[in-house]
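Structure record follows, encoded as structure tokens.
What you are looking at is a predicted structure, and each value in this text was computed from that prediction instead of being measured. To find a chain, count down the sequence lines: A is the first, B the second, and so on, and within it residues start at 1.
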Amino acid sequence: MRISKTRFLDLLRCPRFYDYTQSVGDTIDPLDQDILEHLTGDAEDLETLTKAQEAVLNGLHERVEREASTWVRQRLGGHTIDLDTSGGQHHVERSVHGHVWTAELDILNPTDTGVHVIEVKASTTSELSKLDFKLNGVYHPVFVKNNHVHKLVEETAPYLETALQEKYLKARKNLFDRLHKVGRHVYDLAFQRFVYEGSIDYDSAKAHTYYLALLNKDYHHDGQETYDVVNGEHVISLIDLTTITEELQSVVAEDVRQVVDYIDQHDNRYQNLIKACQKGTPRACPYLTQCNPYLKVDYNVDELMGSSYKDTARFAHQESKPMIADLDEADRSKKPKWRMQYDAIVHDTIHVDQASLKAFLSHLEYPVYHLDFESFAAPLPRFKGEKPYQQHVFQVSLHIEREAGMCDNTLDHVEFLAEDHRDCRHDVVAFLLEHIDLSAGGTVLVWHKTFERERLKELALAIPKYASELQHIRDAVVDLKDGFLGKGALPILYKKALHGKYSIKFVLPAYTSITYEGMAINNGLLAATTYATYPVIDPAHFDHVLDAMRTYCKQDTWAMVTLLDVCRNLIEQNSTD
DNA sequence: TCCACCCATTCCGCTTTAGA
DNA sequence: TCTAAAGCGGAATGGGTGGA
């Protein structure tokens, strides 16, 4: 059998995976899954994209590879074999235990002194820097950057004092965990190395260095066409993982052996929900609901608020209680929220914390500006001051409610939409300052305030001239979600239709009749990808597409107007009792 | 005076949730 | 893919107490 890296990692999940591929068949084309994973993380939301749009999105990832390639040539010299060379990515394979293991090396870079092998990831150094640890209030790095290359601190300062050593080893251990955010990239590289070093292409007489190429989270673009070093930072960071991947070779060899055993054994025994299922992530096992059919059923224990996959595994598997209604008194009393959810399902109770809801509403000042941003995050920054994956706001919707309940869907609505890919930050700021007037008080209402507040902060940084005005808007932001979820041990509002969730996707159908069904653009991710693919949209349809985007964004803020009304009505009903 | 022990508080890392 | 906030639980810290 030929086993690619992706296939190998899937088979390694659990003993049962191989049997599923035999009996159920592949549920998702591995190639498609890779594209989806990189670009959106949610397969459902991409269904309406055309092939041309998919190609554009895929190209964004390829651009990162090209930048990495350019940077490798500049930094390390030599001659690179990559996407753009005749053969494309360098294919390698190795025969072990009667199977052929294959890998595609993103960049192979032979120089006079040795060979560099580089795996490019379209993710940032953010998680890498989170490995850093604190001792006595002082932060210590796990990777040290020298001459634009990150190396393990042990390779630059080998003698660490004992207390540091202990903490360091703990942080370092994450690099060996293939399910860890950084570790999975390291493991990928280690597998590439395993295959490469057993292939006919490998020349053991040469020195080999293994790098991960990531986007540098500390890079701020200078707005130029090409990516040069700006303030000592380059958009690509190279991580030297030669030592770690060397140590990982025995682990990979053991895992390869393990996969062969899984294939030979045809083990289809009952499998508990484990971390390797990657539930709730873009890398979730495609057979998750085959192993755990209860996950498809409404009101299962996975809906319990604040529960982890371990809780789900314990209830559903160990204790055979897959439904919230199955929970006994002891389970329910563990968390007030769990009891509330149980009551909502079993007794159909509707939870309303009148006092907290009143308090929330009394804090609102009118006019209330119902605000929503749509934005797009490009892996490679496009405009001056932007970082990799920085969210660029391209659309704003605003419903203005002058007095409680006084808001017309059309008359009190204003919007901004960028119709091309030029830097629109100034336009967005001008729009906000023109329409949001807080001089006589007022509230800026959003759903999930972290998002809009971060964008306002970035806009203030990008356009310092209006920093204080933007800060003023930012200070006036109130999260409508707080009126539902609240801050206490129990939410302010709950009913079983929420399924334990407070995203707009669940709240809207639970409390209103507003629906996004039948809309060409019906979620934020689709709006963002549509913006990203402007250049390939058929000009004959372009106006139609812009209309669809406007309709969607307008509906988002109108939904908030409606939900605020729902809150007020819940109070009124009670006070007339 | 020292130290073991208990309990309460704080710190820290990890996970979950939400937005695009 | 990214980010921040919040919650959780375990580890670390620190104060008080009592016995040697």
Side-chain angles (χ1 to χ4, degrees), chain A residues 34-42 45-46 57 60-61 64 121-127 130-137 139 163 166-167 170-171 173-174 177 179-181 185 214-215 217 275 279-283 302-312 334-337 371-381 386-396 446-458 477 479-482 484-489 491 498-507 521 523-532 549 552-553 556 560:
Chain A
D34 199 45
I35 293 170
L36 298 174
E37 184 183 309
H38 273 297
L39 298 163
T40 70
D42 193 341
D45 296 340
L46 265 187
L57 296 171
L60 291 169
H61 184 226
V64 177
K121 297 288 178 192
S123 65
T124 70
T125 50
S126 163
E127 291 296 333
K130 282 188 199 156
L131 291 173
D132 295 357
F133 55 91
K134 206 159 133 184
L135 189 68
N136 302 328
Y139 270 98
E166 219 170 280
K167 282 243 178 183
K170 201 177 158 198
K173 235 170 54 193
N174 289 320
D177 176 3
L179 299 177
H180 183 266
K181 282 175 177 171
H185 296 319
L214 300 175
L215 290 159
K217 73 172 181 68
K275 197 179 179 190
K279 182 182 71 66
T281 79
R283 289 170 296 286
D302 197 49
E303 292 181 6
L304 288 170
M305 294 173 73
S307 67
S308 65
Y309 83 88
K310 284 179 182 168
D311 293 316
T312 305
K334 283 221 180 70
K335 290 180 187 181
K337 282 176 185 170
L371 174 71
D372 185 47
F373 290 157
E374 305 301 327
S375 65
F376 176 71
L380 288 165
E386 289 190 343
K387 306 203 310 187
Y389 286 106
Q390 179 149 344
Q391 299 281 358
H392 191 89
V393 177
F394 63 81
Q395 186 170 18
V396 184
V446 303
W447 193 272
H448 194 62
K449 66 176 184 255
T450 35
F451 185 76
E452 270 74 14
R453 278 171 56 87
E454 275 302 293
R455 303 295 81 78
L456 287 166
K457 195 161 101 184
E458 288 160 2
V477 168
D479 196 337
L480 180 54
K481 178 152 61 68
D482 288 343
F484 286 74
L485 182 54
K487 300 271 182 189
L498 286 173
H499 296 280
K501 300 273 189 292
Y502 285 86
S503 66
I504 204 75
K505 189 174 160 186
F506 284 87
V507 174
I521 290 172
N523 66 75
L525 284 173
L526 193 54
T529 47
T530 304
Y531 164 83
M549 291 177 76
Y552 164 69
C553 199
D556 259 6
M560 286 165 50

Inset, instruction - Quick one: label A:E454 by what it contacts on the DNA or RNA (base, sugar-phosphate, nothing), any heavy atom closer than 4.0 Å. - result: sugar-phosphate
Legend entry - Interatomic distance where CG belongs to A:D372 and C1' belongs to B:dA20 [whole Å]: 9 Å
Inset, instruction - Taking salt bridge (charged side-chain N to carboxylate O under 4.0 Å, His left out) as the test, write out the residues that go with A:K310, two or more places apart. - result: none
Legend entry - With A:H499 via ring pair (Phe, Tyr, Trp, His ring centres under 6.0 Å) - residues at least two apart: A:Y299
Legend entry - Length of the CG-P vector between A:L498 and B:dA18, whole Å: 10 Å
Inset, instruction - Tell me which of A:R455 and A:K335 sits closer to the 5' end of DNA chain C, going by the nucleotide each one is nearest to. - result: A:R455
Inset, instruction - Can you tell me the distance, in whole Å, between the CG atom of A:D482 and the P atom of B:dA18? - result: 13 Å
Inset, instruction - Report yes if at least one side-chain N or O of A:R283 is closer than 4.0 Å to OP1 or OP2 of C:dT1; otherwise report no. - result: yes
Legend entry - With sequence neighbours excluded, residues passing salt bridge (charged side-chain N to carboxylate O under 4.0 Å, His left out) with A:D311: A:R314
Legend entry - Whole-Å gap separating C1' (C:dA5) and CD (A:E452): 15 Å
Inset, instruction - Could you tell me whether A:R455 and A:E452 have a side-chain N and a carboxylate O separated by less than 4.0 Å? - result: no
Nucleotide N/O to protein N/O under 3.5 Å, stretch nucleotides 14-17 of chain B:
unit_1	atom_1	unit_2	atom_2	d
B:dT16	OP1	A:Y309	N	3.2

Inset, instruction - Check whether any side-chain N or O of A:S123 sits under 4.0 Å from OP1 or OP2 of C:dT1, and answer yes or no. - result: no
Inset, instruction - Would you mind classifying the nucleic acid contact of A:K217 as base, sugar-phosphate or nothing, using non-hydrogen atoms under 4.0 angstrom? - result: nothing
Legend entry - Value in whole Å for how far the P atom of B:dG19 lies from CG of A:L485: 11 Å
Legend entry - Counterpart residues, salt bridge (charged side-chain N to carboxylate O under 4.0 Å, His left out), relative to A:E454 (two or more places apart): A:K457
Legend entry - A:I504 side-chain proximity, nearest of B:dG19, B:dA18, C:dC8: B:dG19
Legend entry - Closest to side chain of A:D556, choosing from C:dA4, B:dA20, C:dC8: B:dA20
Legend entry - From C:dT1, B:dA20, C:dT3, nucleotide with atom closest to A:Y389 side chain: C:dT1
Inset, instruction - Respond yes when some side-chain nitrogen or oxygen of A:K481 is under 4.0 Å from OP1 or OP2 of B:dA18, and no when none is. - result: no
Inset, instruction - Look at the side-chain N and O atoms of A:S126 and state whether any lies under 4.0 Å from the OP1 or OP2 oxygen of C:dT3. - result: yes
Inset, instruction - Mark yes or no for whether A:D479, through its side chain, and A:K449, through its backbone, hold a donor-acceptor pair below 3.5 Å. - result: yes
Legend entry - Which nucleotide in B:dA20, C:dC2, C:dA6 has an atom nearest any side-chain atom of A:K487: C:dA6
Inset, instruction - Can you figure out which of B:dA20, C:dG9, C:dT1 approaches the side chain of A:F451 most closely? - result: B:dA20
Legend entry - Pairing residues for A:K501 by the side-chain contact (heavy atoms from CB on, under 4.5 Å) criterion, not counting sequence neighbours: A:F506
Inset, instruction - For the side chain of A:W447, starting at C-beta, report the closest nucleotide among C:dA5, C:dT3, B:dG19. - result: B:dG19
Inset, instruction - State whether the side chain of A:Y502 and the backbone N or O of A:V507 hold a donor-acceptor pair below 3.5 Å, judged by distance alone. - result: no
